[in-house]
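One structure is given below, encoded as structure tokens.
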Amino acid sequence: MSLNLGAKKIAFFSTQPYDKTFFNKYNEDFGFQLDFFETQLNPQTVALIEECEIVCVFVNDIINETVIKQLAEKKVKIIALRCAGFNNVDLEAAKKHHIKVCRVPAYSPQAVAEHAMAMILTLNRKTHKAYNRVREQNFSLNGLLGFDLFGKTIGIIGTGNIGKAFSKIALGFGCKVLAYDIVESDEMKKDGVSFVGLEEIFKASDIISLHCPLNDQTKHVINKTSLTFMKDSVMIINTSRGGLIETSSVIEGLKEGKIGYLGIDVYEQEEKLFFRDLSADIIQDDAIQRLMSFPNVLVTAHQAFFTNEALTQIALVTFNNIKSLLTQNDIENKAALLV
Ligand code: NAI
């Protein structure tokens, strides 16, 4: 039965076909009016919004003070992020303009954690190369040598929902798990994880996986200096946010062999690239082109979240967040309400 929320309109930005499929499907129980824009929300596109109280945005929309001021002038009351990270929203500006901001704190931590492990296994065992090789009837094993994950040390930076899920997977593989977070987890300690300082993570890990949010403290946590502490041929996995890695330093690290493997699902300048088919275009971003040229680098285009279960949760939680804000001006799950 439709809840008839006054047929409130929600303007979606950065809409992909799968967003339409999942949001249309689950809207049957809510009855919102859905207005889908394929374009990113930014200072140039904010003018597209007409009468609308709610906007729904994703990871690469730009919701800075300029955009928020215009949203307030257009009487927007709610910015609903359909993702967990919120580094692209100026929360102070939203507060100043009395706009509520909500997010989907944990739609499927397993989806991201499993993708991080998929990247590790691919980089290590080179299944992507083997796939192409055998299709050309090349059954040689030269160049495909990997290593046992069992017994290796994995360092996790950020042990929230995703970091915890990833830790369980790593422990399941028989790895030794070290972790760093500003809040230590007793649950993980019981599982056998050791919480150590950041420098110790850098020094002792064979594989480092990033699962913290991007903020002033974590920006470029992987940089020229932190790389000097790391083991030679370290593997670095980033499924969190591109800004955690200083791209120029990592390119140098790859050239020198300091970094033996790099798996990134996120990239600092991804908003100009990811979620689009640019196969016929000339890419102007030289850093991503250089990264993609290394044989030991695996780039996926922000797909770690992309599972059926996650998209279902994203649609349901986003609609429920909006409904709660419209009916109670609050959200029961405090982690979902940012302002
Ligand atoms: P969460 O909020 O559950 O956990 C984040 C953890 O990072 C918390 O334990 C927090 O204490 C810790 N943290 C905060 N500041 C820190 C610092 N300075 N140093 C070390 N740790 C710090 O978030 P969740 O759900 O685990 O997500 C983590 C990140 O993953 C998100 O912020 C988002 O950027 C990214 N993400 C990426 C996706 C993808 O598709 N690639 C999908 C979903 C999230």
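Whatever order the structure lists them in is the order used to number ligands and atoms, beginning at 1. FYI, side chains are in, hydrogens and waters are out, and symmetry mates aren't considered; it's all heavy atoms of this structure. Nothing fancy with the numbering, it's 1 onward along the sequence.
Backbone and side-chain nitrogen or oxygen atoms of Arg241 are examined, and one is located within less than 3.5 angstrom of a nitrogen or oxygen of ligand 1. Residue Val183 places no N or O, backbone or side chain, under 3.5 Å from any N or O of ligand 1. On a distance-only criterion, Val266 and ligand 1 share no N/O pair closer than 3.5 Å. Taking distance alone, with nitrogen or oxygen atoms compared against 3.5 Å, Asn161 approaches ligand 1 more closely than that limit.
Remark: Arg133 fails to qualify as a cation-pi partner of Tyr131 under the 6.0 Å distance and 45° angle criteria applied to the six-membered ring.
Residue His115 does not touch ligand 1, judged by heavy-atom distances below 4.0 Å. Of the heavy atoms in Pro109, none comes closer than 4.0 Å to ligand 1. For Asn215, every heavy-atom contact with ligand 1 shorter than 4.0 Å involves the side chain, none the backbone.
For atom 32 (O) of ligand 1, the choice among Pro213, Ala165, Ala111, Ser108 with the nearest heavy atom turns out to be Pro213. Around atom 10 (C) of ligand 1, the closest heavy atom drawn from Ile264, Asp181, Ile156 belongs to Asp181.
Nearest protein heavy-atom neighbour of atom 18 (N) of ligand 1: Thr218 CG2, 3.3 Å. Of the protein's non-hydrogen atoms, Ile182 CD1, 3.5 Å is the one closest to atom 15 (N) of ligand 1. Closest protein heavy atom to atom 29 (C) of ligand 1: Ser240 OG, 3.2 Å. For atom 4 (O) of ligand 1, the closest non-hydrogen atom on the protein side is Gly160 CA, 3.1 Å. When only non-hydrogen protein atoms are considered, atom 20 (C) of ligand 1 lies nearest to Tyr180 CE2, 3.6 Å. In this structure, the protein non-hydrogen atom closest to atom 40 (O) of ligand 1 is Phe305 N, 3.1 Å. Protein heavy atom nearest atom 38 (C) of ligand 1, with residue, atom name and distance: Thr239 O, 3.8 Å. Looking only at heavy atoms of the protein, atom 27 (O) of ligand 1 is closest to Ile162 CD1, 3.3 Å.
For atom 23 (O) of ligand 1, no protein non-hydrogen atom is found at a distance below 4.0 Å. Distances from atom 2 (O) of ligand 1 to the protein include no heavy-atom value under 4.0 Å.
A salt bridge is absent between Glu65 and Lys69: the closest approach of a Lys/Arg side-chain nitrogen to an acidic carboxylate oxygen does not fall below 4.0 angstrom.
Residue contact check for ligand 1: Tyr107 places a non-hydrogen atom closer than 4.0 Å to it.
Taking the six-membered ring for Trp, Phe319 and Phe23 have ring centres closer than 6.0 Å.
Between Tyr267 and Leu291, the closest side-chain pair of non-hydrogen atoms falls below 4.5 Å.
Defined by atom type and a distance below 3.5 Å, a donor-acceptor pair is missing between the side-chain atoms of Gln303 and Asp265.
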Any chance you could lay out the side chain to side chain contact (heavy atoms under 4.5 Å, CB included) test for Phe147 and Asp206, step after step, and finish with the verdict? CA-CA 11 Å; Phe147 58 84; Asp206 300 297; 5.9 Å; no

